Amino acid sequence: MDDKLAKDLVAMWQSELTAMAADRELRETWAATMALWAQAANAAAALLPHEHGPAGSTSAAQPPRAPAAAAAPQPGLAEIEQLNRRIAELEQRLASFMAGNSVSGAGPADDTDGA
């Protein structure tokens, strides 16, 4: 949208809203509509089940919560060291490959005999 069209659109809506605000009947209609919506919301809220808290409490009742899930098991030091060794091996193989060297490393990824 070009700037002139956008400015014209904003100016049009500003004039419409200004005219609406100046219209007494429209303001009264909107006020009555808002009052009806508020009454309907209060009536709907009164129909909802709720628990009574301690005397003088104004906070809403909280639904019961599920117990917290157990924490995920932490990897052991041996697993971390094994992963670090494997990463170092893969980095070395990648460096050799990038240098153009033929790598015939043995490992799970090199199992190509189809067994």
Side-chain angles (χ1 to χ4, degrees):
M1 197 179 328
D2 70 344
D3 288 342
K4 181 169 177 9
L5 182 59
K7 288 177 182 177
D8 289 346
L9 184 64
V10 169
M12 179 192 68
W13 275 107
Q14 284 177 337
S15 67
E16 287 296 315
L17 292 173
T18 302
M20 290 171 151
D23 186 349
R24 182 185 52 83
E25 289 179 4
L26 184 61
R27 283 194 319 263
E28 291 172 356
T29 301
W30 273 106
T33 302
M34 293 298 125
L36 285 173
W37 283 354
Q39 288 175 358
N42 286 333
L47 295 175
L48 293 175
H50 59 281
E51 297 177 17
H52 294 288
S57 174
T58 59
S59 63
Q62 297 294 322
R65 294 184 180 192
Q74 296 294 323
L77 186 58
E79 292 173 323
I80 293 172
E81 288 175 357
Q82 180 183 8
L83 289 171
N84 284 334
R85 284 191 302 271
R86 182 69 177 142
I87 290 171
E89 176 190 338
L90 291 172
E91 287 175 341
Q92 179 61 40
R93 290 178 63 190
L94 180 61
S96 296
F97 177 77
M98 296 299 287
N101 297 338
S102 173
V103 177
S104 60
D110 291 18
D111 187 16
T112 57
D113 65 349

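Since the model is a prediction, treat every value here as computed from it, not as a measurement.
Interatomic distance, Lys4 NZ to Leu9 CG, rounded to the nearest 0.5 Å: 12.0 Å. Rounding to the nearest 0.5 Å gives a distance of 8.5 Å between CG of Asp2 and CG of Asp8. For the atom pair Arg86 CZ and Leu83 CG, the distance stands at 10.0 Å (nearest 0.5 Å). Distance check: Glu81 CD to Glu79 CD gives 11.0 Å after rounding to the nearest 0.5 Å.
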Atom pairs and distances, side-chain donor-acceptor, residues 27-35, under 3.5 Å, sequence neighbours left out:
| residue | atom | partner | partner atom | Å |
| --- | --- | --- | --- | --- |
| Arg27 | NH1 | Ala21 | O | 2.6 |
| Glu28 | OE1 | Arg24 | NH1 | 3.4 |
| Glu28 | OE2 | Arg24 | NH1 | 3.0 |
| Thr29 | OG1 | Glu25 | O | 2.8 |
| Thr33 | OG1 | Thr29 | O | 2.8 |

Pairs of donor and acceptor atoms involving the side chains of residues 36-48, under 3.5 Å and at least two apart or interchain, shall be tabulated with distances.
| residue | atom | partner | partner atom | Å |
| --- | --- | --- | --- | --- |
| Asn42 | ND2 | Ala38 | O | 3.4 |

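Legend: residues meeting salt bridge (charged side-chain N to carboxylate O under 4.0 Å, His left out) with Lys7, ordered by chain and number and at least two apart, are absent.
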The test is side-chain contact (heavy atoms from CB on, under 4.5 Å); show your working for Met20 and Leu17 and say whether it passes. CA-CA 5 Å; Met20 290 171 151; Leu17 292 173; 3.9 Å; yes

